[in-house]
Amino acid sequence: MSKKDKKAAAAHEKPADAVAVELTHPERVVKDYAPTPDYPHYRVEPGEKFDLSERDPDASEHFQSKEDVKEELKHQRDRITDLQARLYGEQKRSLLIVLQATDTGGKDGTIKGVFKGVNPQGCRVQAFKQPGDEESNHDFLWRYHQHTPPRGMITIFNRSHYEDVLVVRVKSLQPEEVWRERYRIINEWEHSLCLSNTTILKFFLHISKDEQKRRLESRLSDPRKQWKFSPNDLKERELWDEYQVAFQDAITKCSTPYAPWYVVPSNKKWYRNVVIARAIADTLEAMDPQFPPPEKGLHKVRIPD
Ligand code: AMP
Ligand code: MG
(Lines give C-alpha, C1' and ligand atoms only; values in the text may rest on other atoms or scores of the structure.)
(Ligands and ions follow the chains in the order given, each with its own letter.)
Protein backbone atom coordinates (compact mmCIF):
# COMPACT_ATOMS: atom_id res chain seq x y z
CA MET A 1 0.00 0.00 0.00
CA SER A 2 1.37 3.43 -0.90
CA LYS A 3 1.81 6.11 1.75
CA LYS A 4 -1.12 8.02 0.34
CA ASP A 5 -3.37 4.93 0.38
CA LYS A 6 -2.34 4.14 3.96
CA LYS A 7 -3.27 7.66 5.04
CA ALA A 8 -6.62 7.42 3.27
CA ALA A 9 -7.31 4.04 4.89
CA ALA A 10 -6.41 5.40 8.34
CA ALA A 11 -8.79 8.32 7.89
CA HIS A 12 -11.47 5.86 6.86
CA GLU A 13 -11.06 3.87 10.06
CA LYS A 14 -11.66 6.83 12.33
CA PRO A 15 -15.04 6.91 13.98
CA ALA A 16 -17.45 9.07 12.02
CA ASP A 17 -17.75 11.55 14.89
CA ALA A 18 -14.01 12.20 14.89
CA VAL A 19 -14.01 12.98 11.19
CA ALA A 20 -16.94 15.37 11.56
CA VAL A 21 -15.26 17.13 14.45
CA GLU A 22 -12.10 17.65 12.44
CA LEU A 23 -14.05 19.00 9.54
CA THR A 24 -16.26 21.38 11.41
CA HIS A 25 -14.10 22.67 14.25
CA PRO A 26 -16.86 23.99 16.45
CA GLU A 27 -15.76 26.14 19.35
CA ARG A 28 -15.74 23.23 21.80
CA VAL A 29 -13.27 20.94 20.09
CA VAL A 30 -10.39 23.23 19.32
CA LYS A 31 -7.39 21.88 21.17
CA ASP A 32 -5.15 24.15 23.23
CA TYR A 33 -7.29 27.06 22.33
CA ALA A 34 -9.56 28.96 24.60
CA PRO A 35 -10.59 32.30 23.12
CA THR A 36 -11.97 33.69 26.39
CA PRO A 37 -12.02 30.73 28.71
CA ASP A 38 -13.41 32.45 31.77
CA TYR A 39 -16.98 32.83 30.77
CA PRO A 40 -19.62 30.12 31.07
CA HIS A 41 -20.64 28.56 27.79
CA TYR A 42 -23.82 26.81 28.93
CA ARG A 43 -23.09 24.03 26.50
CA VAL A 44 -24.63 20.65 27.20
CA GLU A 45 -21.90 18.05 26.87
CA PRO A 46 -22.84 14.87 25.05
CA GLY A 47 -23.73 12.15 27.52
CA GLU A 48 -23.93 14.64 30.40
CA LYS A 49 -26.68 14.09 32.95
CA PHE A 50 -28.66 17.17 32.13
CA ASP A 51 -31.64 18.49 34.05
CA LEU A 52 -33.36 21.52 32.54
CA SER A 53 -35.16 22.34 35.79
CA GLU A 54 -31.77 22.83 37.48
CA ARG A 55 -30.63 25.46 35.00
CA ASP A 56 -31.21 28.99 36.24
CA PRO A 57 -32.91 31.14 33.57
CA ASP A 58 -32.04 34.24 35.62
CA ALA A 59 -28.26 33.74 35.59
CA SER A 60 -26.17 36.67 34.36
CA GLU A 61 -22.68 36.18 35.89
CA HIS A 62 -21.63 39.39 37.63
CA PHE A 63 -23.59 41.59 35.23
CA GLN A 64 -26.47 43.58 36.69
CA SER A 65 -27.89 45.52 33.79
CA LYS A 66 -27.92 46.06 30.05
CA GLU A 67 -25.45 48.89 30.52
CA ASP A 68 -22.93 46.47 32.05
CA VAL A 69 -22.76 44.32 28.91
CA LYS A 70 -22.90 47.09 26.33
CA GLU A 71 -19.16 47.09 25.57
CA GLU A 72 -18.84 43.34 25.61
CA LEU A 73 -21.80 42.86 23.27
CA LYS A 74 -20.34 45.37 20.85
CA HIS A 75 -17.00 43.58 20.97
CA GLN A 76 -18.62 40.21 20.23
CA ARG A 77 -20.72 41.67 17.41
CA ASP A 78 -17.61 43.19 15.85
CA ARG A 79 -15.90 39.81 15.96
CA ILE A 80 -18.88 38.18 14.27
CA THR A 81 -18.99 40.88 11.57
CA ASP A 82 -15.29 40.49 10.77
CA LEU A 83 -15.34 36.68 10.78
CA GLN A 84 -18.51 36.53 8.73
CA ALA A 85 -16.87 38.64 6.02
CA ARG A 86 -14.07 36.04 5.92
CA LEU A 87 -16.47 33.10 5.83
CA TYR A 88 -18.32 34.74 2.97
CA GLY A 89 -15.11 35.45 1.08
CA GLU A 90 -13.75 31.96 1.65
CA GLN A 91 -16.86 30.27 0.18
CA LYS A 92 -15.90 26.86 1.55
CA ARG A 93 -17.90 26.35 4.72
CA SER A 94 -21.13 27.45 6.31
CA LEU A 95 -22.71 27.94 9.71
CA LEU A 96 -26.20 26.86 10.74
CA ILE A 97 -27.62 28.43 13.87
CA VAL A 98 -30.73 26.86 15.38
CA LEU A 99 -32.92 28.90 17.75
CA GLN A 100 -35.57 27.18 19.81
CA ALA A 101 -37.63 28.46 22.74
CA THR A 102 -41.07 28.47 24.23
CA ASP A 103 -43.40 31.25 23.02
CA THR A 104 -42.01 34.70 24.00
CA GLY A 105 -38.62 33.06 24.62
CA GLY A 106 -36.89 35.74 22.55
CA LYS A 107 -35.95 34.19 19.22
CA ASP A 108 -36.81 37.32 17.24
CA GLY A 109 -35.06 39.59 19.74
CA THR A 110 -31.92 37.43 19.61
CA ILE A 111 -31.72 37.74 15.84
CA LYS A 112 -32.11 41.52 16.04
CA GLY A 113 -29.71 41.93 18.95
CA VAL A 114 -26.88 39.61 17.90
CA PHE A 115 -26.76 40.05 14.13
CA LYS A 116 -26.85 43.84 14.01
CA GLY A 117 -24.05 44.90 11.74
CA VAL A 118 -23.67 41.61 9.91
CA ASN A 119 -23.62 41.92 6.12
CA PRO A 120 -27.13 40.80 5.07
CA GLN A 121 -25.65 39.35 1.88
CA GLY A 122 -23.92 36.60 3.86
CA CYS A 123 -26.73 35.83 6.26
CA ARG A 124 -30.25 34.42 6.01
CA VAL A 125 -33.02 33.98 8.51
CA GLN A 126 -35.49 31.19 7.94
CA ALA A 127 -38.58 30.89 10.13
CA PHE A 128 -40.64 27.71 10.28
CA LYS A 129 -44.34 27.74 11.03
CA GLN A 130 -46.89 24.97 10.88
CA PRO A 131 -46.08 22.87 7.80
CA GLY A 132 -48.22 23.45 4.71
CA ASP A 133 -49.72 20.71 2.53
CA GLU A 134 -46.71 20.19 0.33
CA GLU A 135 -44.38 20.09 3.31
CA SER A 136 -46.55 17.59 5.17
CA ASN A 137 -46.56 15.33 2.13
CA HIS A 138 -42.80 14.83 2.40
CA ASP A 139 -40.55 13.36 5.06
CA PHE A 140 -40.25 15.77 8.00
CA LEU A 141 -36.73 16.94 7.15
CA TRP A 142 -37.56 17.90 3.58
CA ARG A 143 -38.56 21.47 4.28
CA TYR A 144 -35.53 22.13 6.48
CA HIS A 145 -32.97 20.65 4.16
CA GLN A 146 -33.84 23.11 1.42
CA HIS A 147 -32.83 25.99 3.67
CA THR A 148 -29.51 24.76 5.07
CA PRO A 149 -26.75 27.29 4.41
CA PRO A 150 -24.73 27.00 1.21
CA ARG A 151 -20.97 27.55 1.38
CA GLY A 152 -20.02 30.98 2.64
CA MET A 153 -23.34 31.62 4.37
CA ILE A 154 -24.73 31.81 7.88
CA THR A 155 -28.34 30.66 8.17
CA ILE A 156 -30.42 31.16 11.27
CA PHE A 157 -33.34 28.79 11.81
CA ASN A 158 -36.07 30.56 13.79
CA ARG A 159 -37.69 27.32 14.99
CA SER A 160 -36.40 24.27 13.21
CA HIS A 161 -36.52 20.51 12.66
CA TYR A 162 -36.71 20.25 16.47
CA GLU A 163 -40.37 21.29 16.28
CA ASP A 164 -40.93 17.77 14.98
CA VAL A 165 -39.94 16.37 18.38
CA LEU A 166 -41.40 19.30 20.38
CA VAL A 167 -44.84 20.54 19.31
CA VAL A 168 -45.40 17.29 17.42
CA ARG A 169 -44.70 15.28 20.57
CA VAL A 170 -46.51 17.56 23.04
CA LYS A 171 -49.63 17.86 20.89
CA SER A 172 -49.51 14.21 19.72
CA LEU A 173 -49.50 15.27 16.07
CA GLN A 174 -47.74 11.98 15.32
CA PRO A 175 -47.77 8.70 17.22
CA GLU A 176 -44.89 8.10 19.63
CA GLU A 177 -43.25 5.48 17.46
CA VAL A 178 -42.91 8.12 14.75
CA TRP A 179 -41.45 11.02 16.79
CA ARG A 180 -39.27 8.78 18.96
CA GLU A 181 -37.25 7.65 15.95
CA ARG A 182 -36.64 11.25 15.00
CA TYR A 183 -33.91 11.97 17.55
CA ARG A 184 -31.70 9.44 15.82
CA ILE A 185 -32.73 10.67 12.38
CA ILE A 186 -31.94 14.26 13.41
CA ASN A 187 -28.50 13.29 14.73
CA GLU A 188 -27.69 11.46 11.53
CA TRP A 189 -28.90 14.34 9.40
CA GLU A 190 -26.92 16.91 11.36
CA HIS A 191 -23.89 14.66 11.10
CA SER A 192 -24.25 14.50 7.34
CA LEU A 193 -24.46 18.30 7.19
CA CYS A 194 -21.24 18.53 9.21
CA LEU A 195 -19.54 16.22 6.78
CA SER A 196 -20.45 18.70 4.06
CA ASN A 197 -18.67 21.48 5.93
CA THR A 198 -21.62 22.98 7.75
CA THR A 199 -20.95 23.81 11.40
CA ILE A 200 -24.05 23.66 13.59
CA LEU A 201 -24.83 25.55 16.80
CA LYS A 202 -28.13 25.07 18.62
CA PHE A 203 -29.45 27.49 21.23
CA PHE A 204 -32.34 26.87 23.60
CA LEU A 205 -33.47 30.19 25.06
CA HIS A 206 -34.38 29.23 28.58
CA ILE A 207 -36.97 31.44 30.33
CA SER A 208 -39.07 30.77 33.43
CA LYS A 209 -42.84 30.41 33.44
CA ASP A 210 -43.13 33.66 35.44
CA GLU A 211 -41.08 35.50 32.87
CA GLN A 212 -43.34 34.17 30.10
CA LYS A 213 -46.32 35.57 31.99
CA ARG A 214 -44.69 38.99 32.17
CA ARG A 215 -43.86 38.92 28.47
CA LEU A 216 -47.37 37.83 27.46
CA GLU A 217 -48.84 40.62 29.62
CA SER A 218 -46.55 43.10 27.96
CA ARG A 219 -47.68 41.87 24.54
CA LEU A 220 -51.29 42.43 25.57
CA SER A 221 -50.78 45.94 26.87
CA ASP A 222 -48.25 47.42 24.41
CA PRO A 223 -49.89 48.49 21.11
CA ARG A 224 -46.58 47.88 19.32
CA LYS A 225 -46.51 44.29 20.53
CA GLN A 226 -50.20 43.36 20.40
CA TRP A 227 -49.86 41.92 16.89
CA LYS A 228 -47.54 39.29 18.33
CA PHE A 229 -50.13 38.01 20.77
CA SER A 230 -52.01 34.92 19.73
CA PRO A 231 -54.70 33.24 21.86
CA ASN A 232 -52.90 30.05 20.91
CA ASP A 233 -50.00 31.18 23.13
CA LEU A 234 -52.26 30.62 26.16
CA LYS A 235 -53.09 27.09 25.05
CA GLU A 236 -49.40 26.39 24.62
CA ARG A 237 -48.72 27.86 28.07
CA GLU A 238 -51.07 25.31 29.62
CA LEU A 239 -48.70 22.70 28.23
CA TRP A 240 -45.61 24.34 29.80
CA ASP A 241 -44.52 21.25 31.76
CA GLU A 242 -44.96 18.93 28.80
CA TYR A 243 -42.85 21.27 26.67
CA GLN A 244 -40.10 21.36 29.31
CA VAL A 245 -39.93 17.56 29.22
CA ALA A 246 -39.82 17.58 25.43
CA PHE A 247 -37.03 20.21 25.40
CA GLN A 248 -35.10 18.30 28.02
CA ASP A 249 -35.28 15.13 25.93
CA ALA A 250 -34.40 16.79 22.64
CA ILE A 251 -31.39 18.53 24.18
CA THR A 252 -30.17 15.41 25.98
CA LYS A 253 -30.53 13.13 22.99
CA CYS A 254 -29.27 15.54 20.36
CA SER A 255 -26.34 17.39 21.94
CA THR A 256 -23.49 15.83 19.98
CA PRO A 257 -19.81 16.72 19.55
CA TYR A 258 -20.54 17.95 16.05
CA ALA A 259 -23.77 19.84 16.83
CA PRO A 260 -23.91 20.91 20.46
CA TRP A 261 -26.90 22.40 22.28
CA TYR A 262 -26.47 25.50 24.44
CA VAL A 263 -29.05 26.19 27.16
CA VAL A 264 -28.94 29.96 27.42
CA PRO A 265 -30.27 31.76 30.52
CA SER A 266 -32.73 34.10 28.81
CA ASN A 267 -34.84 35.86 31.43
CA LYS A 268 -32.50 38.82 30.93
CA LYS A 269 -32.56 39.59 27.25
CA TRP A 270 -29.29 41.54 27.30
CA TYR A 271 -27.41 38.66 28.92
CA ARG A 272 -28.91 36.13 26.50
CA ASN A 273 -27.56 38.18 23.59
CA VAL A 274 -24.07 38.28 25.04
CA VAL A 275 -23.96 34.53 25.66
CA ILE A 276 -25.10 33.71 22.15
CA ALA A 277 -22.86 36.29 20.50
CA ARG A 278 -19.83 34.86 22.33
CA ALA A 279 -20.57 31.29 21.29
CA ILE A 280 -21.03 32.31 17.66
CA ALA A 281 -17.90 34.49 17.60
CA ASP A 282 -15.79 31.78 19.25
CA THR A 283 -17.07 29.16 16.84
CA LEU A 284 -16.36 31.31 13.81
CA GLU A 285 -12.91 32.09 15.17
CA ALA A 286 -12.20 28.40 15.70
CA MET A 287 -13.33 27.71 12.11
CA ASP A 288 -10.67 30.26 11.13
CA PRO A 289 -12.10 31.28 7.74
CA GLN A 290 -9.60 32.83 5.37
CA PHE A 291 -10.00 35.28 2.52
CA PRO A 292 -8.96 33.56 -0.71
CA PRO A 293 -5.40 34.49 -1.79
CA PRO A 294 -5.27 37.33 -4.31
CA GLU A 295 -4.52 36.62 -7.97
CA LYS A 296 -0.79 36.47 -8.72
CA GLY A 297 0.90 39.61 -10.03
CA LEU A 298 -1.57 42.09 -8.60
CA HIS A 299 1.26 44.45 -7.77
CA LYS A 300 1.85 44.91 -11.48
CA VAL A 301 -1.74 45.84 -12.25
CA ARG A 302 -2.32 49.50 -13.08
CA ILE A 303 -5.85 50.84 -13.34
CA PRO A 304 -6.10 52.86 -16.55
CA ASP A 305 -7.28 56.51 -16.23
P1 AMP B 1 -44.64 31.64 15.64
O2 AMP B 1 -43.22 31.22 15.53
O3 AMP B 1 -45.00 32.21 16.96
O4 AMP B 1 -45.10 32.46 14.50
O5 AMP B 1 -45.53 30.30 15.59
C6 AMP B 1 -45.31 29.29 14.68
C7 AMP B 1 -46.13 28.10 15.08
O8 AMP B 1 -45.85 27.04 14.17
C9 AMP B 1 -45.83 27.58 16.48
O10 AMP B 1 -47.00 27.39 17.19
C11 AMP B 1 -45.14 26.26 16.21
O12 AMP B 1 -45.37 25.30 17.21
C13 AMP B 1 -45.74 25.84 14.89
N14 AMP B 1 -44.88 24.90 14.18
C15 AMP B 1 -43.63 25.10 13.74
N16 AMP B 1 -43.12 23.97 13.20
C17 AMP B 1 -44.08 23.02 13.29
C18 AMP B 1 -44.16 21.66 12.92
N19 AMP B 1 -43.16 21.04 12.33
N20 AMP B 1 -45.32 21.00 13.18
C21 AMP B 1 -46.34 21.64 13.78
N22 AMP B 1 -46.33 22.93 14.17
C23 AMP B 1 -45.23 23.63 13.92
MG1 MG C 1 -45.90 33.16 18.40
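In listed order, ligands and their atoms are each counted from 1. Positions are given from 1, in the same order as the sequence printed here. Just so it is clear, the model here is predicted, and its values are computed rather than measured.
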Under the rule for salt bridge (charged side-chain N to carboxylate O under 4.0 Å, His left out), what residues qualify as partners of R151, not counting sequence neighbours? none

Exercise answer: donor-acceptor pairs, residues 94-104 side-chain atoms, under 3.5 Å, sequence neighbours excluded:
from	atom 1	to	atom 2	distance (Å)
S94	OG	P149	O	3.2
S94	OG	T198	OG1	2.9
Q100	OE1	S160	N	2.9
Q100	OE1	S160	OG	2.6
Q100	NE2	E163	OE2	3.0
D103	OD1	R159	NH2	3.1

Quick one, list the residues around ligand 1 where some non-hydrogen atom comes in under 4.0 Å, by chain and residue number.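 Protein residues near ligand 1 are F128, K129, Q130, P131, R143, Y144, R159, E163, D164, V167, V168, L173.
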
Does the cation-pi check pass for R278 over Y39, that is, NZ or CZ under 6.0 Å from the six-membered ring centre and within 45° of its axis?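 Yes - R278 lies over the ring of Y39, closer than 6.0 Å to its centre and within 45° of its axis.
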
Please work out which of the three classes, parallel, tilted or perpendicular, describes the rings of Y271 and Y42, given edges at 30° and 60°. perpendicular

Output field: ring centroids Y262/F204 closer than 6.0 Å: no

Pairing residues for R215 by the side chain to side chain donor-acceptor pair (under 3.5 Å) criterion, not counting sequence neighbours: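 Only E211 meet the side chain to side chain donor-acceptor pair (under 3.5 Å) criterion with R215.
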
